[in-house]
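What follows is a set of notes on a single structure, which appears directly below.
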Amino acid sequence: MKLAILQPNFFPLKSYYDLARKVDKVIFLDDSLYNNKSWVNKALIKVKSKDYYFRIPIIRNESPTQIKDIRIKGNKWRRDFLKMINLGYQHFPNFSSVFPVIKEIVDLPTDRAAHISAYSIFKICSLFGAETQFAFSSIDHGNIRASMENKILDIC
């Protein structure tokens, strides 16, 4: 079995999807610690040939927080993200068939950034016919109490 253990990223770069399609199972490492460099709540979007970093606003905690516990602040970001996608990609081929999928992902009824990020990967992979299985480390391997490096080795 080919396995990939990755943090859930919000609409990641194409190489992330390519990797997910090449393995039998992806385990989202959602019980690792969140930091500002994490892509769980941000995406790189091209609008008129310029790169923009879109950030889902999150509720900041002062203590270290696991990715699975990061909560989204408000809902205005959903409309803003869809506007930005519409503006940047409306003239691309297949936009009319892909945009409803993006809207479904963004409208997922949750306040957890990890859930929306993981769903963005799952749904896009499904759209392209990938038969990859997906799981969360906090659910399927939450009983492993070790450093992240040892947890990853135990999962494998």
Side-chain angles (χ1 to χ4, degrees), residues 1-46 51-75 77-78 80-82 84-85 89 94 97-156:
M1 171 185 271
K2 294 179 191 171
L3 179 68
I5 302 174
L6 308 164
Q7 290 184 349
N9 292 347
F10 183 59
F11 289 104
L13 298 176
K14 181 184 176 294
S15 58
Y16 197 110
Y17 296 103
D18 291 340
L19 175 61
R21 289 176 56 196
K22 290 179 181 178
V23 298
D24 300 309
K25 187 171 189 175
V26 170
I27 298 177
F28 294 117
L29 194 62
D30 65 332
D31 48 3
S32 62
L33 292 179
Y34 172 83
N35 67 45
N36 290 333
K37 294 179 183 179
S38 173
W39 286 83
V40 72
N41 67 312
K42 62 186 171 189
L44 177 64
I45 302 171
K46 283 199 180 292
D51 289 343
Y52 289 92
Y53 292 93
F54 184 90
R55 291 182 185 266
I56 298 172
I58 60 170
I59 298 169
R60 297 278 181 193
N61 293 329
E62 291 187 26
S63 61
T65 305
Q66 292 180 337
I67 288 173
K68 68 181 178 68
D69 296 324
I70 297 297
R71 293 192 181 280
I72 297 170
K73 182 186 208 177
N75 285 311
W77 73 271
R78 296 173 198 264
D80 294 345
F81 182 77
L82 292 173
M84 191 174 254
I85 293 297
Y89 299 94
N94 302 316
S97 59
V98 174
F99 188 74
V101 175
I102 294 171
K103 185 172 180 353
E104 176 188 334
I105 294 164
V106 170
D107 288 342
L108 188 70
T110 184
D111 68 345
R112 303 288 177 139
H115 291 170
I116 289 178
S117 295
Y119 193 59
S120 75
I121 298 156
F122 164 76
K123 199 65 180 167
I124 298 298
C125 284
S126 295
L127 183 67
F128 292 111
E131 295 182 14
T132 310
Q133 297 175 12
F134 293 90
F136 287 101
S137 61
S138 64
I139 296 170
D140 288 4
H141 305 282
N143 60 333
I144 300 172
R145 303 283 179 231
S147 66
M148 271 305 131
E149 294 84 6
N150 287 335
K151 182 169 186 154
I152 291 168
L153 290 172
D154 285 351
I155 291 170
C156 292

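The figures that follow rest on heavy atoms only: side chains count, while hydrogens, waters and symmetry mates do not.
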Side-chain touch I45/Y89, heavy atoms, less than 4.5 angstrom: yes

Sole residue of Y17, F134, F136, F28 in ring-ring contact (aromatic ring centres under 6.0 Å, His included) with F122: F134

Do side-chain atoms of Q66 reach the backbone of D31 as a donor and acceptor pair under 3.5 angstrom? yes

Approximate separation, where rounding is to 0.5 Å, of I56 CD1 and F81 CZ: 7.5 Å

Apply the test side chain to side chain contact (heavy atoms under 4.5 Å, CB included) to residues D24 and T132: give CA-CA distance (whole Å), side-chain angles for both, the deciding distance (0.1 Å), then the verdict. CA-CA 5 Å; D24 300 309; T132 310; over 6 Å; no

Rounded to the nearest 0.5 Å, how far apart are OG of S126 and CD of E131? 10.0 Å

Side chain to side chain contact (heavy atoms under 4.5 Å, CB included), that's the test. Do I116 and R78 meet it? Break it down for me. CA-CA 11 Å; I116 289 178; R78 296 173 198 264; 3.8 Å; yes

Inter-residue atom distance Y53.OH - L44.CG, 0.5 Å rounding: 5.0 Å

In terms of heavy-atom contacts, S138 and K68 come closest through CB-CD, 3.5 Å

Nearest 0.5 Å, what's the CD1-CD1 distance between I59 and I72? 9.0 Å

Distance, nearest 0.5 Å, that separates CG of L19 from CG of L13: 12.5 Å

Salt bridge present between D51 and K46 (N-O < 4.0 angstrom): yes

State whether a side-chain donor-acceptor pair under 3.5 Å links S117 with N41. no

Closest non-hydrogen atom pair between S38 and I67, with its separation: OG-CD1, 4.4 Å

State the CG-OG distance between L29 and S137, to the nearest 0.5 angstrom. 4.5 Å

Would you be so kind as to tabulate the donor-acceptor pairs closer than 3.5 Å made by side chains of residues 2-12, with sequence neighbours excluded?
unit_1 : atom_1 : unit_2 : atom_2 : d
Q7     : NE2    : S32    : OG     : 2.9

Tested for side-chain contact (heavy atoms from CB on, under 4.5 Å) against I70, the lone hit among I58, D111, D30 is I58

Would you please test L82 and F99 for side chain to side chain contact (heavy atoms under 4.5 Å, CB included) and show each step? CA-CA 9 Å; L82 292 173; F99 188 74; 4.0 Å; yes

Whether K42 side chain and N36 backbone form a donor-acceptor pair below 3.5 Å: yes

Verdict with reasoning, K22 to D18, per salt bridge (charged side-chain N to carboxylate O under 4.0 Å, His left out): CA-CA 6 Å; K22 290 179 181 178; D18 291 340; over 6 Å; no

F54 versus D80: any side-chain heavy-atom pair under 4.5 Å? yes

Is D69 salt-bridged to R112, going by a charged N under 4.0 Å from an acidic O? yes

